[in-house]
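Below is one structure, written out as structure tokens, with a few remarks after it.
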Amino acid sequence: MLLDLDPDQLLSTTRAVRRRLDLDRPVARELIEQCVDLATQAPTGRNRQRWHFLVVTETEQRLRVAELFRRALRTGGGAPPTDRDRARMYAHPGSMERIHDGLNHLYENVHRVPAFVVPAVEGRTEGASVLDQSMTWGSILPAVWSFMLAARARGLGTVWTTAQGPLERELAAVLGVPHEEVMLAAFIPLAHTLGTDFKPARRIPREQVLHWDRW
């Protein structure tokens with residue numbers, strides 16, 4: 001059953017769900033397939049349709065993948081935030097504390113999440129030009145966002161993580177993905193949500209991000 005959300009509500013309340021994932025309720029395969037069908041209606045560069053969605057629900061496989069998620073988080077990684085990043089991150093008191101609290105909850109309970117979705121795209125971007133990078137990522141990111149919107153409309157929660165990054169090659173091996181040819185773009189826990197009453201996030205003012213004619 002679809003939630004009664006108008007387009008603006010759907011777009012503004014599709015949140016990163018960590019604490020409110022229902023860890024005790026399975027997700028029907030049919031719902032995931034519906035979300036994938038909608039995801040593959042997204043734009044794709046040159047109509048190449050290089051997207052793939054790996055869904056992990058089998059118990060032993062989920063446990064292996066969950067342990068990789070935990071190990072990857074412990075490695076840290078990624079460039080540190082700049083001063084401007086930190087100003088935006090902490091613009092609203094308490095927001096980052098809630099994010100960290102949710103991440104800790106997910107870290108401790110990730111093995112209980114009923115499904116993982118690992119979107120992937122054919123082609124790798126290491127050393128690629130900005131043009132080739134934009135075409136590759138531009139062919140997977142819209143599809144994944146469409147998947148997440150479709151999930152929200154069906155009462156499912158998602159959270160985009162890049163936890164696969166530090167251990168991408170190892171995760172690819174576990175999933176049987178040809179690492180030299182296919183890039184794992186994200187790691188997305190998927191579950192029904194505890195309640196469906198999500199609200200828009202607090203963001204920095206429009207004036208800080210909107211530019212007319214010049215930067």
Side-chain angles (χ1 to χ4, degrees), residues 10-23 27 31-32 34-36 38-44 50-57 62 65-66 68-79 81 85 88-89 95-96 98-107 109-110 112-121 125 133-134 136-168 171-172 175 177 182-194 196 198-204 209:
L10 180 64
L11 288 166
S12 63
T13 65
T14 300
R15 304 263 55 87
V17 185
R18 301 178 183 90
R19 290 196 63 88
R20 291 177 59 183
L21 296 173
D22 189 338
L23 304 176
V27 179
L31 288 179
I32 301 174
Q34 290 173 8
C35 293
V36 171
L38 290 168
T40 56
Q41 289 297 312
T44 168
R50 292 178 168 181
W51 43 46
H52 298 268
F53 291 83
L54 294 96
V55 180
V56 181
T57 58
R62 280 194 301 110
V65 172
L68 279 173
F69 173 87
R70 289 196 179 100
R71 284 175 48 205
L73 284 188
R74 293 196 296 267
T75 68
D85 290 333
R88 292 183 288 251
M89 292 161 63
S95 59
M96 287 305 298
R98 287 190 292 273
I99 289 173
H100 289 312
D101 181 58
L103 181 58
N104 288 334
H105 176 79
L106 181 60
Y107 178 91
N109 293 280
V110 66
R112 298 176 57 199
V113 175
F116 301 130
V117 179
V118 181
V121 60
T125 58
Q133 290 184 51
S134 64
T136 300
W137 286 101
S139 290
I140 186 64
L141 292 176
V144 180
W145 182 233
S146 290
F147 179 95
M148 296 169 81
L149 291 170
R152 163 69 171 143
R154 287 158 176 76
L156 302 174
T158 59
V159 52
W160 176 290
T161 85
T162 53
Q164 84 292 344
L167 299 177
E168 186 207 0
L171 179 58
L175 298 176
V177 175
V182 175
M183 186 165 54
L184 305 184
F187 180 93
I188 300 176
L190 176 72
H192 288 276
T193 58
L194 300 172
T196 60
F198 292 90
K199 299 178 180 179
R202 300 176 70 187
R203 298 299 194 208
I204 59 176
V209 300

For the residue pair [X] and [Y], establish whether any side-chain heavy-atom pair is separated by less than 4.5 Å.
{"X": "Leu171", "Y": "Leu184", "result": "yes"}
{"X": "Arg18", "Y": "Asn104", "result": "no"}
{"X": "Leu21", "Y": "Leu106", "result": "yes"}
{"X": "Arg88", "Y": "Asp85", "result": "yes"}

[X]: partners by salt bridge (charged side-chain N to carboxylate O under 4.0 Å, His left out), with sequence neighbours left out:
{"X": "Arg20", "answer": "Asp197"}
{"X": "Arg98", "answer": "none"}
{"X": "Arg203", "answer": "none"}

One pair to check against side chain to side chain contact (heavy atoms under 4.5 Å, CB included): Trp160 and Leu141. What are the steps and the verdict? CA-CA 11 Å; Trp160 176 290; Leu141 292 176; 3.1 Å; yes

When you look at Asp22 and Leu194, which way does the side chain to side chain contact (heavy atoms under 4.5 Å, CB included) test go after all the steps? CA-CA 6 Å; Asp22 189 338; Leu194 300 172; 3.8 Å; yes

Could you list the donor-acceptor pairs under 3.5 angstrom formed by side chains in residues 72-79, with sequence neighbours left out?
from	atom 1	to	atom 2	distance (Å)
Arg74	NH1	Tyr107	OH	2.7
Thr75	OG1	Ala72	O	2.6

Walk me through it: do Val65 and Leu175 pass the test side chain to side chain contact (heavy atoms under 4.5 Å, CB included)? CA-CA 9 Å; Val65 172; Leu175 298 176; 4.2 Å; yes

ring-ring contact (aromatic ring centres under 6.0 Å, His included) with Phe69: which residues, sequence neighbours excluded?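 Expected list: Phe187.
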
Does Phe198 have any ring-ring contact (aromatic ring centres under 6.0 Å, His included) partners at least two apart in sequence or in another chain, and if so, which?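 Phe198 satisfies ring-ring contact (aromatic ring centres under 6.0 Å, His included) with no other residue.
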
Atom CG of Leu23 and atom NE2 of His192: how far apart are they, to the nearest 0.5 Å?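 Answer rounded to 0.5 Å: 12.5 Å.
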
Could you give the distance from OG1 (Thr44) to CH2 (Trp51), rounded to the nearest 0.5 Å? 4.5 Å

Would you say the side-chain atoms of Arg152 pair up with the backbone N or O of Thr196, donor to acceptor, closer than 3.5 Å? yes

Please check if the side chain of Arg62 supplies one atom and the backbone of Val113 the other of a donor-acceptor pair under 3.5 Å.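 The answer is yes, because a donor-acceptor pair under 3.5 Å joins these two groups.
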
Which is it for Thr125 and Met183 under the side chain to side chain contact (heavy atoms under 4.5 Å, CB included) test, yes or no, and what are the steps along the way? CA-CA 8 Å; Thr125 58; Met183 186 165 54; 3.6 Å; yes

